[in-house]
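Just below is one structure, and these are the notes that go with it.
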Protein chains: 2
Amino acid sequence: MSTRDRLVESTRELLRERGYVGTSPKAIQQRADAGQGSMYHHFAGKQDLALAAIERNAEDLTALASEELSSPGAPVERIATWLRREREVLRGCPMGVLVQDPEIIASDTLRSPIAEHFEWLRGRLREILAEDGLDVRLADTLLAVLQGGYVLARAANSTEPFGDAVEGAIALLERATAD
Amino acid sequence: MSTRDRLVESTRELLRERGYVGTSPKAIQQRADAGQGSMYHHFAGKQDLALAAIERNAEDLTALASEELSSPGAPVERIATWLRREREVLRGCPMGVLVQDPEIIASDTLRSPIAEHFEWLRGRLREILAEDGLDVRLADTLLAVLQGGYVLARAANSTEPFGDAVEGAIALLERATAD
DNA sequence: GTCTATAAATTGATAGAC
DNA sequence: GTCTATCAATTTATAGAC
């Protein structure tokens with residue numbers, strides 16, 4: 001992996017672990033085993049690195065969700081497959097955590113790619129819900145269950161609330177479909 | 001308001017706006033119009049202030065939810081009242097945002113009061129769901145919808161996803177009750 | 001491309017006078 | 001109780017040699 005790539009991967013990890021405000025250029029360099037000069041050669045600064053990390057996050061997460069949501073099966077089955085994907089819940093959602101960071105929210109440059117990712121997911125879920133004639137607002141409900149599940153799990157320091165939240169939502173959805 | 005109280009209120013605001021990592025003692029003092037010496041007289045340091053702020057958050061939020069969830073009306077109606085309470089969505093949940101902060105998650109002292117608050121809410125919701133014979137796991141689903149709604153709203157810089165998530169959840173719940 | 005030096009500002013306290 | 005001084009460490013770079 002190139003120095004540049006190591007810097008981006010290091011930033012992705014640190015953003016997830018410590019947020020944007022809590023991540024220092026120095027920490028990024030150390031984890032990437034790169035020097036100060038090297039980092040500033042490849043990137044203009046902290047924000048530039050964060051942008052690259054967020055864009056790579058978006059690519060990865062879009063690819064995963066896209067595949068799950070397009071698999072064969074009934075609409076609700078595909079949604080359940082996506083919701084039940086194994087996640088490192090206690091580490092937080094790579095995108096969701098960022099949205100709580102004051103400096104990311106204050107910067108359209110950094111917030112936009114995150115907003116676009118959620119917007120894409122929402123659109124894809126709406127299409128699938130519409131196949132079954134379900135209320136398309138449920139796209140936001142399902143996304144919220146996932147993001148909120150992470151929050152509850154971290155508060156409790158346990159993955160249990162995440163699992164319960166997801167299973168509860170799937171059960172409600174199945175009942176709504178059985179008409 | 002006493003200097004001590006102003007310091008706590010100042011900390012509550014800053015924790016919500018900027019998180020724990022992003023909040024400096026200096027900023028707390030300036031917003032509270034208190035000097036350095038004054039702050040360190042009343043509190044042992046940043047963590048001590050955060051603890052006081054979190055505890056006051058918990059008191060306020062518990063009082064609000066307690067009242068809404070105990071109002072007259074059917075179980076699902078009471079839950080809907082609580083979910084539909086007007087919130088300053090784009091400012092984030094005073095408790096939920098904190099849970100994404102690396103130093104709060106790393107400190108049991110700071111995380112515990114937050115965990116207890118969610119635990120209390122979960123228990124209260126379970127009691128209410130049980131009244132209608134509903135799956136008690138839905139307590140976590142509903143809490144997650146709320147917390148996730150905040151996340152989606154902040155990502156989109158719009159309150160719309162929050163409203164859709166909540167209304168979608170209420171609609172599902174009403175349908176599940178109509179048996 | 002990578003390295004070292006330098007730096008102004010901020011962070012989170014402590015010390016001691018009033 | 002409140003104030004000012006001081007401080008070691010960190011933050012986020014920039015400059016310029018190699």
Side-chain angles (χ1 to χ4, degrees), chain A residues 1-56 97-98 100-111, chain B residues 1-56 97-98 100-111:
Chain A
M1 197 158 38
S2 70
T3 299
R4 205 198 131 88
D5 280 341
R6 287 205 315 281
L7 283 164
V8 174
E9 290 309 311
S10 161
T11 305
R12 289 177 76 183
E13 289 172 19
L14 283 164
L15 284 182
R16 186 169 183 181
E17 287 170 26
R18 307 209 28 98
Y20 183 78
V21 165
T23 295
S24 70
K26 191 182 176 187
I28 295 173
Q29 295 152 28
Q30 288 176 338
R31 189 171 298 208
D33 200 25
Q36 184 112 335
S38 188
M39 192 199 93
Y40 282 104
H41 169 74
H42 291 289
F43 298 93
K46 182 176 166 175
Q47 172 169 328
D48 194 27
L49 263 160
L51 186 55
I54 290 171
E55 284 169 348
R56 209 169 278 186
V97 266
L98 298 181
Q100 306 284 21
D101 192 289
E103 302 195 3
I104 287 186
I105 284 304
S107 153
D108 272 350
T109 307
L110 294 179
R111 190 185 53 78
Chain B
M1 196 159 37
S2 69
T3 298
R4 205 198 132 89
D5 281 340
R6 287 203 316 281
L7 284 164
V8 175
E9 291 308 312
S10 160
T11 305
R12 290 177 74 182
E13 289 172 20
L14 282 163
L15 284 183
R16 187 169 182 182
E17 287 170 25
R18 308 210 25 100
Y20 183 79
V21 165
T23 296
S24 70
K26 191 182 176 185
I28 295 173
Q29 294 152 28
Q30 288 175 338
R31 188 170 297 209
D33 200 25
Q36 183 111 336
S38 189
M39 192 199 94
Y40 281 104
H41 169 73
H42 290 290
F43 298 92
K46 182 176 167 175
Q47 172 169 330
D48 194 28
L49 264 160
L51 187 56
I54 290 171
E55 284 170 349
R56 209 169 277 187
V97 271
L98 298 181
Q100 306 284 23
D101 193 288
E103 300 194 5
I104 286 187
I105 283 304
S107 153
D108 272 350
T109 306
L110 294 178
R111 190 185 54 78

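Residue numbers begin at 1 in each chain, while the letters A, B, ... track the order of the sequences. When reading the values below, keep in mind they use all heavy atoms of this one structure, side chains included, and skip hydrogens, waters and symmetry mates. Note that this is a predicted model, so its numbers are computed, not measured.
- Atom CG of L14(A) and atom P of dT12(D) are 12 Å apart (whole Å).
- Heavy atoms only, all atoms of each residue included: T23(B) and K46(B) are closest at O-NZ, 2.8 Å.
- With sequence neighbours excluded, the residues that form a side-chain contact (heavy atoms from CB on, under 4.5 Å) with E9(A) are M1(A), R12(A), R56(A).
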Side-chain donor/acceptor pairs under 3.5 Å, residues 101-111 of chain B, sequence neighbours excluded:
unit_1: D101(B); atom_1: OD1; unit_2: E103(B); atom_2: N; d: 3.0
unit_1: D101(B); atom_1: OD2; unit_2: Y20(B); atom_2: N; d: 2.8
unit_1: D101(B); atom_1: OD2; unit_2: V21(B); atom_2: N; d: 2.9
unit_1: E103(B); atom_1: OE2; unit_2: R18(A); atom_2: NH2; d: 3.3
unit_1: S107(B); atom_1: OG; unit_2: T109(B); atom_2: N; d: 3.4
unit_1: S107(B); atom_1: OG; unit_2: L110(B); atom_2: N; d: 3.1
unit_1: D108(B); atom_1: OD1; unit_2: R111(B); atom_2: NH2; d: 3.1
unit_1: R111(B); atom_1: NH1; unit_2: A155(A); atom_2: O; d: 2.8

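- Scored by the side-chain contact (heavy atoms from CB on, under 4.5 Å) test, A52(A) finds V8(A), F43(A) as partners (sequence neighbours excluded).
- One finds no side-chain N or O of K26(A) lying less than 4.0 angstrom from the OP1 or OP2 phosphate oxygen of dT11(D).
- Between the P atom of dT4(D) and the NE2 atom of H41(B) lies a distance of 17 Å, rounded to the nearest Å.
- Between the CZ atom of F43(A) and the P atom of dT12(D) there is a distance of 16 Å, given to the nearest Å.
- Chain B approaches DNA chain C over the interval dT11(C) to dT14(C), counting the first and last nucleotide 5' to 3' with an atom under 4.0 Å from its heavy atoms.
- Contact annotation for G35(A): backbone-only contact, meaning every heavy-atom pair under 4.0 Å involves sugar-phosphate atoms and none involves a base.
- Each of Y40(B) and Q36(A) lies near DNA chain D, and the nucleotide nearest Y40(B) is the one positioned closer to the 5' end.
- Rounded to 10 degrees, the angle between the two end axes of the helix from dG1(C)-dC18(D) to dC18(C)-dG1(D) is 0°, with five pairs used at each end.
- When side chains are defined from C-beta on, M39(B) counts as touching L49(B), because their heavy atoms get closer than 4.5 Å.
- Not counting sequence neighbours, the partners of R16(A) by the side-chain contact (heavy atoms from CB on, under 4.5 Å) test are E88(A), R91(A), P94(A).
- At whole-Å resolution of the value, CG in D48(A) and C1' in dA13(D) are 14 Å apart.
- Contact detail for A53(B) and L15(B): the closest heavy-atom pair is CB-CD1, 4.0 Å.
- A distance-only check finds a donor-acceptor pair linking the side chain of S10(A) to the backbone of I28(A) [under 3.5 Å].
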